[in-house]
Every structure is written in C-alpha cells, then in structure tokens.
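Position 1 is the first residue of the sequence; numbering continues from there.
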Amino acid sequence: MFHSYLNGLMLGAGLIIAIGAQNAFLLAQGVRREYHFQVAAVCALCDAVLVCAGVFGLAVLLAESPLLLSVARWGGAAFLGWYGVRALRRALRPAGLENGKEERARSLASVMMMTLAVTLLNPHVYLDTVLLIGSLGAQQTEPGAYVLGAVSASITWFFGLAIGAAWLSPWLARPTVWRFIDLGIAIMMLTIAAGLVLKP
C-alpha cells in the first residue's frame, strides 16, 4: 500500500510542479491575494477528480477518442491564447498591484470560472493527469493508495504555491517586478497555445 502511495505522490509531484498555465494563474492570484486559497482548493479538487477518473477508467476512453482530444486541444489553445494576450497587455502597461483596479474588481464567481477554464480547457491536464497518471495508477496493486498519493501532491503544491506567492506579494507587487511576472505568464500561455495549434 505504501509503495503505491509513494508512486502516486512522486509521479503527481513531478507533473504538477512543472510550471504551466494552471500554476501561472495560481501564482498571479497569490501575488494579488485575490481568492488565492479558493483557487488552490479548486485546482486541487479538479486534480483529485481527474486522477480518480483516470485511474478508474476514463484514461482508456480518452485514449480511444480522437474527437474528445481534438476538442480539448483547440478549445484549450483558444483560451490560453486569449489569456496570454491579456497578460501581455498588462506587461506593457504595468501599474503594480496597488493600482490594479481591474484585477481587484473581479468577483469570486468570475475568478472561479477563470480557474476552471485554465484547468479544464488545457489539454495537457488530461494528457498528464488522466492519461499518464491514470494509466499508471490502474496498474498499481493498490490503486486507492496511489490516488491518495497523487492527490496529496496536488494539495501540498497548490496551497504551498498560494501561500508562498501571497507571502512574497509586497515585493512581487512592484510595477517592475509585476511587468516580468505578466510577461512570463504571457510567454508561457502563448507558447503552450502555439504548441497545441502547431502539433501535428
């Protein structure tokens, strides 16, 4: 049982810690201190649901359905491109968090919708969380312990990132620093979107 848990923990951590669209969004929310714990909770919950679905059957369904993967690919590319352009525009006009009225004005509902979009419209989350983690988990002697390990990695990482970003926010909130944060987010989002569009 412990071996399966450790396998899930290690694989989950290796895939989740890689900086991607979801982590970049959570980092930005943590720096702004804008519903960052709620965002972390939604990210962890989505990961838990997707890991369970992958381990207990969805991995096989997605692997055999090119249509579903295609829909996820193009929908994700469109959303990530739009979000990347927004971040690029902010990077060109940095104001710092103290003057970021547009960002602070967002409601909890709108931030939750953005979190779900960043998470669920990114095809990589299905390839990593559902297909890779799921297919390996289905082969474990204790699939339940494996799922628990992967979910533990998600919870630890997302809440750690939210707390760390919020703690560093006084320094990270400076206009010059925020310009580089937004620029990095824009490059990341647009690179992922381009990779999805150009993928054969």
Side-chain angles (χ1 to χ4, degrees), residues 1-31 33-66 68-69 71-73 75-76 79-80 108-109 111-168 185 188-189 192 195-196:
M1 178 182 247
F2 179 73
H3 182 67
S4 293
Y5 175 86
L6 191 60
N7 284 342
L9 181 70
M10 298 294 287
L11 182 60
L15 292 174
I16 293 162
I17 291 175
I19 295 298
Q22 189 182 47
N23 288 333
F25 180 75
L26 176 55
L27 176 64
Q29 293 305 117
V31 170
R33 297 190 182 189
E34 181 188 56
Y35 307 119
H36 51 296
F37 290 121
Q38 292 93 327
V39 172
V42 169
C43 290
L45 179 61
C46 286
D47 264 20
V49 170
L50 292 171
V51 167
C52 286
V55 171
F56 299 113
L58 190 58
V60 176
L61 176 64
L62 283 179
E64 296 177 352
S65 178
L68 287 178
L69 288 178
V71 169
R73 171 188 175 187
F79 175 78
L80 294 173
L108 174 60
V111 171
M112 293 299 96
M113 290 301 294
M114 288 287 290
T115 305
L116 289 172
V118 166
T119 300
L120 301 177
L121 290 180
N122 182 1
H124 289 290
V125 78
Y126 299 102
L127 297 174
D128 291 345
T129 309
V130 178
L131 290 178
L132 183 54
I133 294 180
S135 60
L136 291 176
Q139 303 171 41
Q140 299 294 311
T141 54
E142 295 287 344
Y146 176 87
V147 167
L148 186 59
V151 172
S152 298
S154 293
I155 293 172
T156 302
W157 171 252
F158 288 130
F159 279 95
L161 186 61
I163 292 169
W167 183 61
L168 293 172
I185 290 172
M188 192 177 308
M189 299 291 188
I192 295 172
L196 292 173

Rounded to the nearest 0.5 Å, what's the gap from [atom1] on [X] to [atom2] on [Y]? Could you check?
X      : Y      : atom1 : atom2 : value
Leu45  : Leu50  : CG    : CG    : 9.5 Å
Gln22  : Leu27  : CD    : CG    : 12.5 Å
Leu9   : Tyr146 : CG    : OH    : 11.0 Å
Ile155 : Cys43  : CD1   : SG    : 12.0 Å
Trp157 : Ser152 : CH2   : OG    : 16.0 Å
Leu26  : Tyr35  : CG    : OH    : 15.5 Å

Legend entry - Identified side chain to side chain contact (heavy atoms under 4.5 Å, CB included) partner of Cys46 from the options Val125, Leu116, Thr115: Leu116
So which atom in [X] and which in [Y] form the shortest heavy-atom distance, rounded to 0.1 Å?
X      : Y     : result
Phe159 : Phe37 : CE2-O, 3.8 Å
Met112 : Gln38 : CE-CB, 3.7 Å
Ala166 : Arg33 : O-NH2, 2.8 Å

Inset, instruction - Give the intermediate values and the outcome of side chain to side chain contact (heavy atoms under 4.5 Å, CB included) for residues Glu34 and Val111. - result: CA-CA 8 Å; Glu34 181 188 56; Val111 171; 4.0 Å; yes
Legend entry - 4.5 Å side-chain heavy-atom contact, Asn23 and Leu161: yes
